Amino acid sequence: MTVPKEYDPHIIEPKWRDSWNMSMYHFDWKDSTRPQFIIDTPPPYPTGNFHIGNSLNWCYIDFVARYKRMCGYNVMFPQGWDCHGLPTEVKVEEIHGITKNEVPREEFRNMCRELTVGNIEKMRNTMLNLGFSTDWSNEFVTMEPEYYSKTQRSFRKMYDMDRLYQSEHPVNWCPRCETAIAFAEVEYDSRETKLNYLYFDGLQIATSRPELLAACVAVAINPEDERYKEHLGSTVKVPLFGHDVKVIGDKDVDPAFGTGVVMICTFGDKQDVRWWMEHSLPLRKAIDKSGLMTDIAGKYKGMSIPECKKAIIEDLEKEGHLFEQKPLEQNVGMCWRCSTPIEILSERQWFIKIDTDEVSKASNDIEWLPEYMKVRLDNWTNTMEWDWCISRQRLFATPIPVWYCKHCDGVMVAKEEWMPIDPTQQQPPEACKCGSTEFEAEEDVLDTWMDSSITALHVSGWLTDHEMRLPTQLRPQGHDIIRTWAFYTILRSMAITGKKPWDAILVNGMVLGEDGHKMSKSLGNVIAPEEVIKDYSADSFRQWAAIGGSPGSDVMFRWKDVVSASRFFTKMWSIYRFAMSHLEDYEHCEMDVSELKIVDRWLFSNLNTLVRSVTGSMDDYQFDEAFKAVRGFTWDILADNYIELVKSRLYGDDESGKKAAKYTLYVAIDTLSRLLAPFAPFFAEEMFSRIGNGSVHVHSWPKVCESMIDAEIEKSGEFIKDVASNVRRYKSEHGMALNAPLEKIEIYGSLADITDVLGATNSPVEVIAGEPDFEHVPVNVKPNMGVIGPKFRGQAKDIINALLEENPKKIADEIAKGKITVKVKGDMLELDPECVEIEKEVVSAGRAVDVLDIGGVPVVIVR
RNA sequence: GGGCCCGUGGUCUAGCUGGUUAUGACAUCGCCUUUACACGGCGGGGGUCAUGAGUUCGAAUCUCAUCGGGCCCA
C-alpha cells in the first residue's frame, strides 16, 4: 500500500477514466424501490467543441447526479445531441466546396449527418476526460430515426389536438438564411440610421424605411392629435409610386415621434403587423424571400434593400419629396445565427398555438433555482403576441411529415405508424380522400426547437415500452435559453401530456473570460476545458466550477482559481499520505467514544458538523458553499491543527492513544473521500482505493452522527488547539525551534486530558485550579449590544456611554456581586451582569515568566 | 422605454430574517526547513461596505433616490 509522494493527475485521471465500468451510472428502469432522479440534460449542438460554458453546466449536473446517486436515488443522467440546424449546413458547404442546391437533398443531408457523427465523438471524449458520470445507455441523437420519429409523432399528436395549424401570416424572415425564424431567434442591436421626412401630398411623415414606400398601405395619426384631425379618413398619394392610401387614426401613434404621422407598410416592423391586423389593411409585398425588391417596387425591382434605400432617397430628393433627414438611434432585429437584419414577410407557414396561461401555470408549479430566473420566463410569456412558427426552409432538420394532394386541396398529415418518414423521399401509403394518389411533398422542415422541446418526454420513457416517468426531477440549463428551450419544453409537455416537464429547473450563469467579458473568439479570451485538463487536471477544473460562484450567477474563469484548486489536491494528498503511513496495518472496527481523546472527539464534532452543512448545501444546489466547507475543514481543522496535535501520539508508545488517533484519521479520510467524490471523482477514487472496497462512486453519502456533535467537547478541543498554536507562536517569536522544550507550562483552569497539549508543545504541562498568584487586571468594559439594545431601546446609547466611562475594575467587582449600578443622565440604573463583558489582562508580578491569555484562561510559560 | 441582477481592502468574493472588532481566497510584506506538505507553516499591513437621504438605540444588511456595471425584453 505505498502511496506515491506526488499526486500526478495525468497518470491517475486517465487510469480511472479507462478502467471505470460506466454501467455503474446506468438508470434502472425496472427499479421501483429507490426514488427516481431523472435529469433532463441539455442536448448540446454538436459543433465538435465542448466549450467551457457547457462544461460549467455539466459540472453542476454531475455534482448533482453523483450526490443523488450516493444518497440512494435511481439517477438518470442522460446525454443527448441536438443535431439539426443551419451551422452544420454551412460547415458542410464550406468543407465540400458546394452549395446545398448543387447536390441532391438526401446526399446533402447525409453529408451533414456524417459531419455531426464525427463532432459528437470529439465532444463525448471531452466529457469523459472531465469525469462526468453520464448514463450512456440513455444517449439520444435527434437526427436518428428513433428520436426524430418522436418529433414527428409529436407533430401528428398536436395536429390531432388542434394545437397546430398552417396559415399565411407575417413571420420573421432572415433573407440570408432564406428561412422563417421564430421570435425567440431574433436578437436586437442598436444602429444609427436616418429618419427621413417626406411629403405625402400635403402631409409630412417621418420614416426610417423609405425603401418600403412601395409597400405602404396606410398613413396613421393619433386621433387626439389636433394638428391632423381634419385629415382623418382622407386619402393621400404615396410619393414616387403614386398609389392612394387612407389616413387612419390609431392611439398607438406617438405624436411626439417625427411629425406625428407614420406610414404603415407590410411590413416594416412588428408594430406594422399590429396595425395591419387591427385595421384589416391590404397586403403589399415589396421584399421577396431573398431580400430583393419585388415587382411592385417598379423600377427598383431586383435591388437589394440597402441599394433600394439609397436609390429611393436620391429620387425623393430629386423630386422634392424629401425635406429633412435626422439621425435616429434604432434597435434592429437580427437573425441570431448570422446577424443579418430580419424582415417581416407574409408566408404560408406551420404554427403551434401558444397557450400562455397553461405555460404560466406549469411554470408556477416548477421550482426555479435561483428563484428570480422565473421572472424572465414570465416576462417572455406575458408578451407573446404571435404563435410559434415551426416551419423552416432548410434541409438538415426533421422533415414535416405532410403531403399536399395535387387534385384537391387536401392536406395529408402522416400517421404515427408511418413514422419516421421523409415526405420528399416517400409517398403516403394511402390515397387522398378524393381518391388521388398524386401528392406534392412538404419541403419545409421543422424548427430544431421542435426536436429539443421533447427531451423531457424522451428521457422519461415517452413512446417506449418503459413506464412513463414524467415529470423529470431536474432541468439544468443556461439563462440565455429560458425563452426558447425552457418555454417550448413546458409548452410541449403540457400540450402533449398535461404534465409539467420537471420538478425543478436549475439555471446556470455564463462563463466570462479573465477580462470580465463574455468569452468570445473576437475578444481572444476563450479557454477550452481541454487546455485546463492538460495544464492542471479535470478535478481542478471541476473545483473551479464548484467554487466559482453560486449557480445562476455568471462565473469568471481565472487560471489562479485552477492553480489554487490543484494546490488543494496537493495538500489533501499530503494529508492522505501522512494518514496512510500510519494506517498501514490498521484494521477498521467501530470504537467507543470513551476510548477517544478530547482532540479526537473535537475532530469528530467538527467532521459531523461539516457533513451536516455540506449535505444541506448540496440539497440546495449551493456547490460553492459545499466545497468551500470541505476545503476549510480539511485545511484548517484537519491539517493545520488535528494532525499537529496527534503527531506525538502517533509516534509515541501509548497504544490506546495511538489507536484512537488512527481510528479518527481513518474515519476522516473515508468521509472526505466520499464528500469529495461528486466534485473530484478521480482524486476521491484514488483516495478511496486504498481504504475501501470497489468504487467510491457506488458507496453512500456520509450520514451525520448527531451524538458526536458536542459544543462542550468543541470548546475543550478548541482550547487545546489554541494553547498549542499560541505556544507555537510564542516559540516562533522568541526565536526558538518549534520542537524545543520549555521548562514548564502552567494552565490556570480545568482540562481533563493534557496528553495532546503535552505532545504538541513538547513540554511539561501542569493544570492548576484557581487564580495565578499575580495580578489579573480588568482593562476594558465591553457593553453587550445584543442585550442592552432590545432591553433599553432609546436609552441604550446613554447607557453604553456611561458604561464606557466607568472604571473597568469597579464594574468587574460589581459583576462579581451580581448587579451593576451605573449613573445614566443623573439616574441610577441597575443592569444584569450579562449586559457587559470585561476584558482582563494578566500581568506578571515580577516573575521570570510570560503569560498568555487564551480565551480568558491564563497560561504561564516558564522558560 | 420596461423588467431582472449586481456594486464590500489592489483583484475576486462571504455576510445582507439589522447587534459590538466585516469572511475567505489571490496578490503584497515579515519570520520559519518543523520526521505529511515550501504547491508548506506562522504573523502583519491594507476597507468612507458605490453615493445621498430616511427608518432605528443601532444599518454592509431594511426603504427611497442618485450614479455606475451586467443581463433579458420592447
Side-chain angles (χ1 to χ4, degrees), chain A residues 3 5-7 183-184 186-188 254 269-271 331 333 370-385 478-483 509-510 512 514 516-518 536 547-550 552-556 558-561 563-582 622 624-625 628-629 631-632 635-636 638-641 643-644 647-648 650-651 665 725-726 728-733 735-740 760 762 780-801 804 836-837 839:
Chain A
V3 182
K5 189 161 187 341
E6 280 183 18
Y7 178 81
F183 262 109
V186 179
E187 277 183 355
Y188 294 86
D254 178 4
D269 60 19
K270 209 172 155 186
Q271 183 59 44
N331 274 317
E371 211 196 327
Y372 63 80
M373 288 293 179
K374 179 173 177 293
V375 181
R376 299 208 179 176
L377 186 89
D378 291 342
N379 286 347
W380 177 246
T381 309
N382 295 334
T383 55
M384 298 293 315
E385 288 183 62
H479 58 64
D480 52 336
I481 48 175
I482 287 176
R483 64 187 164 131
M510 303 286 113
L512 309 177
E514 288 205 275
H517 293 102
K518 203 168 169 174
Y536 293 89
I547 62 174
S550 59
S553 59
D554 290 345
V555 186
M556 215 186 283
R558 280 184 303 254
W559 280 105
K560 62 179 187 178
D561 286 348
V563 174
S564 69
S566 86
R567 281 191 186 151
F568 170 71
F569 290 122
T570 306
K571 184 75 182 181
M572 185 71 234
W573 188 250
S574 156
I575 295 167
Y576 178 64
R577 212 156 59 84
F578 173 82
M580 294 313 288
S581 73
H582 292 280
Q622 298 299 313
D624 54 334
E625 267 177 23
K628 281 174 185 167
R631 199 160 76 164
W635 213 302
D636 304 336
L638 182 60
D640 291 348
N641 290 293
I643 286 180
E644 290 306 323
K647 265 183 188 170
S648 68
L650 288 166
Y651 290 116
L665 276 180
S725 66
N726 276 284
R728 222 183 299 153
R729 189 187 318 164
Y730 174 88
K731 287 180 179 176
S732 159
E733 276 167 6
M736 299 170 71
L738 289 183
N739 56 357
N762 194 29
N780 230 336
V781 178
K782 282 176 72 184
N784 191 342
M785 302 304 298
V787 178
I788 300 174
K791 203 163 176 177
F792 297 97
R793 310 199 58 86
Q795 253 186 312
K797 199 175 246 171
D798 295 327
I799 294 174
I800 289 153
N801 287 335
L804 292 175
V836 288
E837 272 171 42
E839 278 183 338

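Just so it is clear, the structure is predicted and the values come from calculations on it, not from any experiment. Per chain, numbering begins at 1; letters A, B, ... match sequence-line order.
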Same-atom distance (P) from C49(B) to U20(B), integer angstrom: 15 Å

Counting distance only, does the side-chain N/O of D624(A) pair as donor-acceptor with the main-chain N or O of G548(A) below 3.5 Å? no

Self-check item: Separation of the P atoms in G7(B) and C26(B), to the nearest angstrom
Solution: 23 Å

Under 3.5 Å, is there any donor-acceptor pair linking the side chain of Q271(A) to the base of A74(B)?
no

note: I799(A), atom CD1; U20(B), atom P; distance rounded to Å ~ 18 Å

Here the distance between atom P of C6(B) and atom CE of M510(A), to the nearest Å, is 17 Å

Give one of base, sugar-phosphate or nothing for A639(A), where a contact means two heavy atoms less than 4.0 Å apart. base

Heavy-atom contacts, protein to nucleotides 38-46 of chain B, under 4.0 Å, summarised as B (base), S (sugar-phosphate only) or - (none) per nt, yield -BSSSS---

From CG of D554(A) across to P of C4(B) the rounded distance in Å is 18 Å

How is E625(A) classified with respect to the nucleic acid when contacts are heavy atoms under 4.0 Å: base, sugar-phosphate, or nothing? nothing

By nearest-nucleotide position on RNA chain B, the 5'-leaning member of F578(A) and G548(A) is G548(A)

From CD1 of I482(A) across to P of C5(B) the rounded distance in Å is 13 Å

Value for OG (S574(A)) from CD1 (I643(A)), rounded to nearest 0.5 Å, stands at 7.5 Å

Here the distance between atom C1' of C4(B) and atom CG of N382(A), to the nearest Å, is 14 Å

Practice item. Spell out, as yes or no, whether a donor-acceptor pair under 3.5 Å connects the side chain of T381(A) to the backbone of L377(A). Key: yes

(Q) Please give the distance between the P atoms of G24(B) and C16(B) as a whole number of Å. (A) 16 Å

Q: In whole angstrom, give me the gap between the P atoms of C6(B) and U61(B).
A: 14 Å

(Q) Any side-chain to backbone donor/acceptor pair from D554(A) onto L512(A)? Under 3.5 Å, distance only. (A) no

Pairwise C1' distance for U34(B) and C42(B), with rounding to whole Å | 11 Å

On a heavy-atom basis, the closest approach of K571(A) and W635(A) is CE-NE1, 3.7 Å

Rounded to whole Å, the CE-P distance (M556(A) to C71(B)) equals 13 Å

Exercise. Distance between the C1' atoms of A59(B) and U17(B), in whole angstroms?
Worked result: 14 Å

Tightest non-hydrogen contact, residues R631(A) and F568(A), listed as CG-CD1, 3.3 Å

Taking every heavy atom of P370(A) against every heavy atom of G552(A), the minimum-distance pair comes out as CD-CA, 3.9 Å

Any side-chain heavy atom of Y576(A) sitting closer than 4.5 Å to one from Y7(A)?
no

Item to complete: Using the side chain to side chain contact (heavy atoms under 4.5 Å, CB included) rule, take K5(A) and W573(A) through it: C-alpha gap first, then chi angles, then the decisive distance, then the call.
Response: CA-CA 8 Å; K5(A) 189 161 187 341; W573(A) 188 250; over 6 Å; no

note: I643(A), atom CD1; U35(B), atom P; distance rounded to Å ~ 14 Å

Between the CE atom in M510(A) and the CG atom in D480(A), the distance rounded to the nearest 0.5 Å is 3.5 Å

G9(B) versus G47(B) - spacing of their P atoms, nearest Å: 10 Å

All stems that RNA chain B takes part in, i.e. 3 or more consecutive Watson-Crick or G-U pairs with distances under 3.5 Å, are B:1-7 with B:67-73, B:10-12 with B:24-26, B:28-32 with B:40-44, B:50-54 with B:62-66

- prompt: Which value, in whole Å, describes the distance between the P atoms of nucleotides U63(B) and U55(B)?
  reply: 16 Å

Y372(A) atom OH is separated from C6(B) atom P, nearest whole Å, by 7 Å

Contacts of S574(A) and K560(A) projected onto RNA chain B by closest heavy atom; the upstream (5') one is K560(A)

